[in-house]
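Before any comments, here is the structure.
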Amino acid sequence: MRNYLKMAYRNLLRHRRRSALSALALAIALALLVFMAAFFKGEMRSSLEDTLRLSSGHLQVRDIDYDPDKSSVAWGYLIEKPSEVAAKIASLPPVRTATPRLFASGIVSVGQDSAGVQIIGIEPDSEANAPYRQGLVAGEFLTAEDRNGIVIGTPLAESLGLQVGSTLNLLVNTAEGTVDEQTFTVRGIFSTGSSNYDKGIVLLPLAKAQAFSGAGDRASIIFVLLEDREQAQAVASAITGAAYKVLTWQEMNELLVLVNDFSNAYITFLSLIILGVTVTVIVNTMLMAVFERTREIGILAALGMKGRQIITLFLTEAALLALGGVAVGLLAGGALSAYFGRVGIYFGDLGVSGMIFGDRIYPYLMLDDVLRLSVTAFLVTLLACLYPARLASRMEPVEALRAEK
Amino acid sequence: MEVAKVENVSRVYRVGEVETYALRNVSLTIQNGEFTALVGPSGSGKTTLLQLLGCLDQPTSGRVFINGQEVSRLNRDQRADIRKGHIGFIFQFFALIPTLTAYENVEMPLLLNGMSARQRHERVMELLKAVDLLDRKDNRPDQMSGGQQQRVAIARALAPNPSIVLADEPTANLDTTNGEQVMTLMTRLNQETGVTFVFATHDPRVIRYARRVITLRDGTIAENGTGPAN
């Protein structure tokens with residue numbers, strides 16, 4: 001094998017530029033694929049993280065009749081005495097925090113401008129509100145006793161020209177099916193990193209939200225975060241009560257899981273197309289080598305080299321080219337992913353409804369993606385180069401020796 | 001002892017509907033230790049006969065034997081094995097592998113024969129000494145003259161201790177001095193090692209080294225007799 005490697009290496013050096021360009025083609029393709037995989041993975045990963053910490057939590061406990069699409073505060077849909085229920089759930093060991101939340105639909109209006117929002121009633125002191133509390137860009141967070149305060153997202157503040165201390169008019173659909181209206185003062189403005197999500201919600205203290213919407217001592221859900229999200233199913237089974245249904249994050253985010261799976265298939269499909277195109281460059285290089293070295297192949301055959309040894313020689317050349325390309329491609333793709341993984345790529349509001357995407361996407365490179373893509377690139381190259389290698393091995397020595405040098 | 005034998009061998013090339021006889025019913029025996037010239041004008045069948053003797057090609061009809069073994073019906077790999085173990089080639093063009101040094105070119109057939117590194121080294125050094133190119137062992141073909149390259153090719157042909165060395169116009173691309181050198185070397189090696197040489201040529205200066213001369217004309221043997229060197 002050492003001798004094959006030596007010959008293959010020297011053969012590649014005969015046309016340094018051509019060999020380098022072929023390897024470069026593979027390198028560029030692989031770098032692109034690695035970066036793309038990292039991009040998708042990063043996007044899906046942050047989307048899932050954001051969804052879990054902002055919207056779904058790891059578990060949700062709902063009234064058996066609750067319909068999340070309605071945002072209705074009609075009593076029949078709500079959990080009674082939610083603080084007690086939450087306290088019970090919070091006492092389970094794997095639970096990090098459990099807190100009631102009330103969702104109501106409303107309209108914010110300032111002067112002539114208005115925007116539809118989801119009003120979220122929260123327990124301000126709960127650890128579950130960390131994304132909002134830590135995301136405050138101005139003012140301060142709510143307190144449980146606040147009766148006039150509201151916290152809103154940056155995009156809503158910007159679109160309605162609101163600042164900390166500004167007042168706004170909030171309209172709410174009440175439990176009785178009527179509307180109520182009240183003026184609130186903006187206490188704080190937050191940014192969770194997802195404009196699309198932030199523009200559609202406003203936060204009120206739970207007690208105020210309950211009073212304002214006529215929900216009484218009721219909440220839409222108990223929002224539960226676990227120490228380890230993989231425990232979701234086990235904890236869900238431990239929460240009992242005929243009046244409740246308990247949903248795990250997987251059940252609540254089926255679409256996200258589906259899109260994630262789809263993105264894997266998409267990357268695989270795309271990588272085969274890109275590699276297929278790239279590999280033609282290498283096959284072309286190898287074909288040129290075979291035709292240029294026809295007489296040499298004849299000499300080797302005359303010396304007693306067998307067909308499969310000639311195949312090995314050419315495949316060794318292809319393997320060296322592929323290894324060079326894969327190495328450079330991985331370095332470039334890894335560097336790109338690492339750089340943008342740190343600074344992120346700004347996309348702003350992607351405008352995708354039903355899923356939460358951050359304004360900045362941070363590529364995230366997984367070892368299994370790196371391995372999968374590298375091995376695929378290497379194998380696809382070798383497989384494609386079987387054609388020129390077999391062509392070389394099938395040459396009749398007499399014909400090959402007759403070839404022009 | 002017979003090293004090579006052809007029996008009623010014909011080789012026909014077909015181009016479309018046209019059949020051309022490169023060899024027609026040729027029979028010939030080469031004995032061990034011969035130094036034989038195949039002569040004749042271009043197209044007389046010299047190269048074709050060498051290719052059949054060298055298991056590079058197969059006859060259309062008739063049989064070819066190397067060391068008593070029939071080789072005319074062997075498959076590609078079996079023929080490669082015969083070439084590897086029994087036959088050395090010297091071509092008109094200096095058929096060295098351009099990326100390998102003189103040493104590595106001579107070593108190649110030994111590698112293919114699976115010889116150990118130590119044995120290979122001894123054999124290659126012995127052969128490079130025999131062709132007086134020890135000082136050129138690390139040179140690649142493009143760093144050597146035509147005569148030197150052909151001497152490397154001779155060393156390579158002899159490397160696996162072949163039963164027969166087949167040379168197709170070995171001096172055709174060399175000037176007179178280098179041509180003489182190559183023929184003297186082949187003669188010396190034939191005498192010293194006893195290895196059989198069969199070479200095709202139409203150069204009278206080369207023919208005079210032969211101890212046997214076989215003249216081909218239009219694919220048949222026209223004359224078969226002793227050579228000037230006998």
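Predicted model only: the values in this text are computed from it and were never measured.
When each of B:Ala159, B:Ala157, B:Ala95, B:Pro109 is checked for heavy-atom pairs under 4.5 Å with chain A, B:Ala95 comes out on top. Of the listed residues (B:Asn113, B:Ile87, B:Leu111), the one with the most heavy-atom contacts under 4.5 Å to chain A is B:Leu111. Looking only at heavy-atom pairs under 4.5 Å with chain A, the residue among B:Ile97, B:Thr47, B:Leu56, B:Thr99 that has the most is B:Thr99. Ranked by non-hydrogen atom pairs under 4.5 Å with chain B, the options A:Arg293, A:Glu399, A:Glu296 are led by A:Glu296.
Between the side chains of B:Asn67 and B:Ser163, at least one donor N or O lies within less than 3.5 Å of an accepting N or O. Counted by atom type alone, B:Gln92 and B:Asp168 present zero donor-acceptor pairs between their side chains at under 3.5 Å. With 3.5 Å as the limit, one finds no donor-acceptor pair spanning the side chains of B:Asn105 and B:Arg140.
Ion pair B:Lys129/B:Glu126 not flagged as a salt bridge, since none of the NZ, NE, NH1 or NH2 atoms sits closer than 4.0 Å to an Asp/Glu carboxylate oxygen.
Heavy-atom distances place both the backbone and the side chain of A:Leu303 under 4.5 Å from chain B. When heavy atoms are compared at a cutoff of 4.5 Å, A:Asn11 approaches chain B by way of both its backbone and its side chain.
Of the options B:Leu100, B:Val131, B:Val106, B:Leu127, a side-chain contact (heavy atoms from CB on, under 4.5 Å) to B:Val152 is made by B:Val106 and by none of the others.
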